[in-house]
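This structure is a prediction, so every number in the text was calculated from the model and none was measured.
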Amino acid sequence: MLSKKFLRLGLVVPILVALQVTRVLAGTTGSLSGYVIQADGTALAGAKVTATSPSESTTTLTDANGHFAFVSLTPDTYTVTASKDGYDPTSQPGVTVLADATQVTRITLHQTVKVLGHVTSTAQAALVKAGTTADVYSINSTTNAKTATLGGGGSLGQAYGAIASQPGVVVPPGQSGWFQTIHIRGGDFDQVGYEFDGVPVLRSYDNYPTVSASTLGQQELQVYTGGAPANSESQGLSGYINQVIKSGTYPGYANLTLGIGSPTLYNSMQFEVGGATPNHNFSYYVGLGSSSQNFRWFDNNNGAGIQQQFGALFAALPCPGGATSKNFTSCYASGAGPGGYALGPPVDSVNIASTWDHESVVNLHFGLPHHNDSGKDDIQLLYDNTYLHNTYYSSANDWGLANDSQLANLNGGPAFG
């Protein structure tokens with residue numbers, strides 16, 4: 001039986017309503033710009049440029065200087081295609097747009113000749129792309145999944161493993177997913193800035209983050225190994241972390257992910273659904289996640305097989321002559337261990353026995369088109385809630401005592417109150 005203590009923590013990020021022109025909140029969108037040129041290096045005006053990704057697709061035309069720009073894109077990996085009558089269309093895949101940064105690219109179009117065939121290739125996104133003006137590492141879902149265990153066994157469903165994989169970052173092991181300590185470039189825990197989709201989430205009185213850094217709904221994880229970017233709402237001296245949350249797409253999608261771990265228990269479930277109108281004036285994302293995890297110390301039997309090396313069970317060690325624990329001469333000195341009648345087991349009451357983690361995220365966007373230009377304002381409603389429930393080991397029960405009365409008899413009074 002376990003002696004239980006309960007830790008119930010909830011976080012509701014206040015509903016965020018913001019109006020702004022052509023861009024949403026700082027840290028949630030990025031920009032893409034560049035030039036379309038001909039083979040001789042001259043600018044090509046009036047070329048059609050399209051940026052396409054799973055998140056969205058948008059089109060613009062180059063100006064007289066061959067320049068184009070997309071000022072508000074959802075962070076994702078895009079394929080940029082340029083075309084014009086009389087020229088062969090050219091695509092540039094693997095252009096990764098980061099939140100709060102501008103990517104710059106250049107596309108060359110050649111005059112139409114006989115088409116022999118088309119070849120499409122896909123490149124993996126690098127951690128740092130040209131055009132990024134800060135020391136920021138962008139982590140996608142694939143990298144996050146492969147590095148999950150680096151943050152310690154208590155945070156398998158969270159982003160601390162991916163954070164720990166970045167240069168200059170140290171995440172101490174043995175933490176359980178809430179208020180985890182992070183050190184960036186030697187700085188202390190309260191010198192790291194945190195934002196949740198552009199919303200600052202640091203407590204004002206101790207600069208601790210009020211989030212569990214769950215990977216549920218995470219589109220992109222940004223780790224700045226240095227000071228916070230200039231337009232951040234949070235603050236940090238040694239480093240800065242921002243989680244960009246997924247938005248709905250057109251067409252919509254739904255995902256269900258289940259996980260089972262053994263020999264120690266780790267069960268997880270994540271359900272995500274998202275969608276948007278064809279013009280992206282409304283989009284929604286809803287994510288629900290839950291995981292349960294048990295912890296073991298020394299081995300899968302919590303060290304029961306090595307108890308003879310660390311001490312015998314309390315129940316086998318009554319005080320001789322019926323003496324109580326208050327009689328130091330006849331009880332303590334005659335016991336199994338020096339200074340006491342039993343050596344303590346290696347598991348104590350401060351070790352976490354199990355964790356239940358329940359997460360939910362809702363991200364809604366409402367676009368308000370302008371009447372006098374092609375831009376639009378954006379209203380975002382963002383909801384996030386976390387519930388962590390932890391239980392802790394009682395070493396006496398784990399090591400074979402049927403109930404606390406045995407300890408009470410040995411000690412001459414209540415064992416633990």
Can you tell me if [X] and [Y] form a side-chain donor-acceptor pair at under 3.5 Å?
X      : Y      : value
Ser141 : Asn144 : no
Glu220 : Ser138 : yes
Thr74  : Ser55  : no
Glu195 : Tyr240 : yes

Option from Thr77, Asp76, Asn140 for which side chain to side chain donor-acceptor pair (under 3.5 Å) with Thr96 holds =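 Of Thr77, Asp76, Asn140, side chain to side chain donor-acceptor pair (under 3.5 Å) with Thr96 is met by Thr77 alone.
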Which one of Gln219, Lys246, His365, Glu272 satisfies the side chain to side chain donor-acceptor pair (under 3.5 Å) criterion with Tyr285?
->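 In the set Gln219, Lys246, His365, Glu272, the residue that makes a side chain to side chain donor-acceptor pair (under 3.5 Å) with Tyr285 is Glu272.
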With rounding to the nearest 0.5 Å, note down the distance linking [atom1] in [X] to [atom2] in [Y].
X      : Y      : atom1 : atom2 : result
Ile37  : Thr108 : CD1   : OG1   : 3.5 Å
Thr386 : Asp357 : OG1   : CG    : 6.5 Å
Gln166 : Tyr224 : CD    : OH    : 13.0 Å
Ile163 : Leu150 : CD1   : CG    : 11.5 Å
Asp378 : Thr29  : CG    : OG1   : 9.0 Å
Tyr78  : Glu56  : OH    : CD    : 4.0 Å

Taking all non-hydrogen atoms of both residues, which atom of Tyr137 and which atom of Pro167 are closest, and how far apart?
->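 It is OH-CG, 3.3 Å.
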Closest approach of Val171 to Ala164 (non-hydrogen atoms, all atoms of both residues) =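 It is CG2-CB, 3.6 Å.
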Donor-acceptor pairs under 3.5 angstrom involving side-chain atoms of residues 39-48: please list them, not counting sequence neighbours.
| from | atom 1 | to | atom 2 | distance (Å) |
| --- | --- | --- | --- | --- |
| Asp40 | OD1 | Thr42 | N | 3.1 |
| Asp40 | OD1 | Thr42 | OG1 | 2.8 |
| Thr42 | OG1 | Gln38 | NE2 | 3.1 |

Taking side chain as C-beta onward, heavy atoms only, is [X] less than 4.5 Å from [Y]?
X      : Y      : value
Val361 : Val286 : no
Thr59  : Val49  : no
Thr277 : Ser283 : no
Leu382 : Val362 : no
Val244 : Asp197 : yes
Thr50  : Val80  : no
Ile139 : Val223 : yes
Ser212 : Gln158 : yes

Counting only N and O atoms by type, is there a donor-acceptor contact under 3.5 Å from the side chain of [X] to the main-chain atoms of [Y]?
X      : Y      : value
Asp63  : Gly66  : yes
Ser292 : Trp356 : no
Ser31  : Val71  : yes
Thr112 : Tyr87  : yes

Under the ring-ring contact (aromatic ring centres under 6.0 Å, His included) rule, what pairs show up with a residue in residues 32-61, not counting sequence neighbours?
->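 Every pair satisfying ring-ring contact (aromatic ring centres under 6.0 Å, His included) with a residue in residues 32-61: Tyr35-His67.
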Looking at residues at least two apart in the chain, or sitting in another chain, which of them share a side-chain contact (heavy atoms from CB on, under 4.5 Å) with Ser204?
->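 Testing Ser204 for side-chain contact (heavy atoms from CB on, under 4.5 Å), a comparison that skips the adjacent residues, returns none.
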Determine which pairs satisfy salt bridge (Lys or Arg N to Asp or Glu O under 4.0 Å) with at least one residue from residues 201-211, sequence neighbours left out, and list them in order.
->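 Every pair satisfying salt bridge (Lys or Arg N to Asp or Glu O under 4.0 Å) with a residue in residues 201-211: Arg203-Asp206.
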Review item, side-chain donor-acceptor pairs of residues 248-271, under 3.5 Å, at least two apart:
| from | atom 1 | to | atom 2 | distance (Å) |
| --- | --- | --- | --- | --- |
| Thr249 | OG1 | Pro251 | O | 3.0 |
| Tyr253 | OH | Ser247 | O | 3.4 |

Please list, chain by chain and in numerical order, all residues satisfying side chain to side chain donor-acceptor pair (under 3.5 Å) with Thr225, sequence neighbours excluded.
->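 Not a single residue meets the side chain to side chain donor-acceptor pair (under 3.5 Å) criterion with Thr225.
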